[in-house]
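Okay, structure first, notes after.
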Amino acid sequence: MKKYATKDLRNICLIGSQGEGMTSVAEALLFNAKVTSRLGSVGEGNTVCDYSEEEIEKKISVHLCVSFFEHNDKKINMIACPGYGDFIGEVYAALNVCDACVFVIGADTGVNPVSENLWEYLEQNKIPTVIFVNKCDKENVNVKNILSDIRERLSPQAVVTSITNATGGALNSVSDVLGQESEWKEALVEMISSCDDVLTEKFIDSKQITPGELNAVLKSALRERKIFPVLCGSALKNTGTKQLADFIAEYCPEPRVLKDDSAFSGLVYKTVNEPGMGHLNFIKIYSGTIAHGGDIYNATKNVRERIGQICFIQGKKKTDTDSAGAGELVALLKLKDTRTNDILGDEKAKAGIQQISFPEPLYKRAIIAKAKGEEEKIGNALSMSVIEDPTLHHYFDSETREIVVSGMGSVQLEIMVKKIKSRYGVEVELHKPRVPYKETLHGKIEVQGKYKKQSGGHGQYGDCWLRLEPLERNKGFEFVNKIVGGAIPKNFIPSVEKGVKDAMEQGIIAGYPVVDMRVTVFDGSYHDVDSSDMAFKIAGAMALRKGFVDCRPGILEPIVNLDVHIPELYMGTVMGDLNSRRGRVLGMDKAGKKQLIKAQVPLSEIFEYPTDLRSMTKGSGRFTMKLSHYEDCPPQIAQPLIELYQKSRAAGELEK
Ligand SMILES: Nc1nc2c(ncn2[C@@H]2O[C@H](COP(=O)(O)OP(=O)(O)OP(=O)(O)O)[C@@H](O)[C@H]2O)c(=O)[nH]1
Ligand SMILES: [Mg+2]
């Protein structure tokens, strides 16, 4: 393939909310550029971009997909992104390395809360944006209404640059606004002029403005986010897509690269594991060139890697190249240690390249193998899965003794489960994680634990008196030795403590660890021959178990701090819902265009919150959470936990 200079490259990504047509638009662009010989369709599962098993099955995009085409002497690298909320990590990765985005909006549905959220992200990250109003072939579409929707909810700087002849069935052509005499053109010229002092003056004085002047200002205004060009069309009918390609080639910015640097540098924006092929790393080159057979330095991991194959990616197809230069998107095969978000190059690269900041996954599930003895396999499979998807995390929760996987939502985890089965042959199940409850006491008591056994020769003897009392919440555990006069010899005191601690760890009324308690050993007795570490350990545990149940024991539950960001519109719904989750609202505030609710909610009530909040707010709500503290559990929650534990213990005793 022809090599392109940096200035002739365009890196764009297609983003939008779910189902607006990103994959279909990409398909039309590739077809027009003769990359494909027929226009693929998402419904038929034969598109360039949605090629994976899970995408074909679900008919939605799940991963970002890289492709490219040549148009008007430019090479356009295109990353089509999934729209579904669970896969937002892919969008962030793509936006990080692209120099502009095409924001797809369905003409039938218009702006929605998810697109508003995405827009906010583009604003924060200053990403030049072209809007493509897709699906203009649908009946009852009114471009003027959509434009005013866009201007009102996204930006007043949106202006139409290519317009359909009609909408619905009559749609058959799209034309450039600058080439016509229409009210669209008047609006566009005025908008462009307003972005430049010289043109503004000319415009006011009704002087002639040349197409060259308009073009130049449009180009810089797009780059500086002073104008958001709106192009209309239909991916399905393949209209308006040629204008889109023209527009990208002509107006979208050249790649951002590191200036004054001839040494190679790059950022890994995606790592995938190809069964049988090892890892494939997707890279944007920020400076220099990369060539077959050379070395690269991974500045994040501090390792040198040998460059094997370098390829250009076209959906699932790879084309080898011997080298690639600054601005390009390539994929490298067979790097050993390099993974997503690694910076390749020297210290200068490290200072100049911005890494992707992935969202924190808050949707948690415990994962277990369907068959016994496959835990190790799960560990391996999960390690591989998280390499491919940085918005998946996994860890072993030592308190609940479960492997927990966190992600962005249930669809993402469901797909992970399928992949684990098909790739690594392990069948797993997900379930709601256990809540790390704790036990505590509310009363004070003095209690004796006496262990005495006379069997055969050597007997066992341990005897201690303990005082149990509550400590302040979240203070943990204190053990105090108040033995005077050697009622229990010094060397056995640690044994008593050990017995107490062991019993605390196992739990007494519901099987959860005991916390926030002070235990004082203040009396006891011993036997010269029969006393032992073991006997005092048992005595300590006995005393604790006996005393604890008479000390108004209870269960504590973890409480999280929740920050919920939602549009005003959903305040009532979200507050009501927090209430039904036993939440306490601590405050409300305005935060940008949104409302911020600060609340405290029991952890047990928010496992479904990521998906519930999304559906309550049509995808516009966001939240963060952080474990705050433990609080007394109300009886209606505590009682069933205690009963369940007692029942299972009774059943266990019977079995013995
Ligand atoms: N009528 C009409 N339907 C379209 C058009 N573009 C896409 N569609 C349909 O809309 C549905 C979604 O299209 P996709 O291209 O998969 O949308 P997407 O934005 O890639 O969706 P995700 O990646 O899953 O979020 C499919 O059924 C397409 O056939 C269009 O221009 N007109
Ligand atoms: Mg798609």
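Atoms within a ligand are numbered from 1 in the order they appear, just like the ligands themselves.
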Any N or O of K59 closer than 3.5 Å to N or O of ligand 1 = no
Relative to the heavy atoms of T23, which atoms of ligand 1 are at a distance of less than 4.0 Å?
-> 15 (O), 18 (P), 20 (O), 23 (O)
Is there a donor-acceptor pair under 3.5 Å between the side chain of E20 and the backbone N or O of T109?
-> no
For S24, the ligand 1 atoms with a heavy-atom partner under 4.0 Å come out as 6 (N), 7 (C), 13 (O), 14 (P), 15 (O), 28 (C)
Return yes or no for this condition: an N or O of K237 is under 3.5 Å from an N or O of ligand 1.
-> no
D8 meets the side-chain contact (heavy atoms from CB on, under 4.5 Å) criterion, sequence neighbours left out, with Y4, A5, K74
Atom 27 (O) of ligand 1 touched by protein heavy atom at under 4.0 Å | no
Side-chain donor-acceptor contact under 3.5 Å, N281 with T271 = yes
Are any of the heavy atoms in S41 under 4.0 Å away from ligand 1?
-> no
Judging by distance only, is a nitrogen or oxygen of S17 under 3.5 angstrom from one on ligand 1?
-> no
Using distance alone, determine whether G19 and ligand 1 share an N or O pair under 3.5 Å.
-> yes
Around atom 3 (N) of ligand 1, find the nearest protein heavy atom and jot down its residue, atom name and distance.
-> L236 CD2, 3.9 Å
Consider only side-chain N and O atoms of S115 and N112, and report whether a donor and an acceptor are under 3.5 Å apart.
-> yes
Enumerated ligand 1 atoms positioned under 4.0 Å from heavy atoms of I60 = 24 (O)
Minimum heavy-atom distance between F358 and G89, given as atom pair plus value | CE2-O, 3.4 Å
Which residue and heavy atom of the protein sit nearest atom 23 (O) of ligand 1, plus the separation = S61 OG, 2.8 Å
ring-ring contact (aromatic ring centres under 6.0 Å, His included) pairs, two or more places apart, involving residues 107-146 = Y92-Y121, F103-W119, W119-F228
Which ligand 1 atoms are under 4.0 Å away from a heavy-atom of K138?
-> 1 (N)
Residue, atom and distance of the protein heavy atom nearest atom 8 (N) of ligand 1 read K135 CE, 3.7 Å
Could you pull out, from V42, L14, D137, the option with a heavy atom nearest to atom 16 (O) of ligand 1?
-> V42
State, to the nearest 10 degrees, the angle whose vertex is the Mg ion (ligand 2) and whose arms point to OG of S61 and OG1 of T23.
-> 90°
For the residue pair N273 and E388, confirm or rule out a side-chain donor-acceptor distance under 3.5 Å.
-> no
Establish, from distance only, whether the side-chain atoms of N72 and E250 form a donor-acceptor pair under 3.5 Å.
-> no
Between K270 and E90, is a salt bridge (Lys or Arg N to Asp or Glu O under 4.0 Å) present by the stated rule, with each step listed?
-> CA-CA 8 Å; K270 174 98 186 153; E90 302 283 296; 2.9 Å; yes
Run the numbers for me: atoms of ligand 1, each under 4.0 Å from some heavy atom of G83, listed by number.
-> 22 (P), 23 (O), 25 (O)
Parallel, tilted or perpendicular: rings of H71 and F69 (30°, 60°) | perpendicular
Please examine the side chains of D176 and Q243, heavy atoms only from C-beta on, and report whether any two atoms are closer than 4.5 Å.
-> yes
So which heavy atom in the protein is nearest atom 6 (N) of ligand 1, and how far is it from that ligand atom?
-> N134 ND2, 3.1 Å
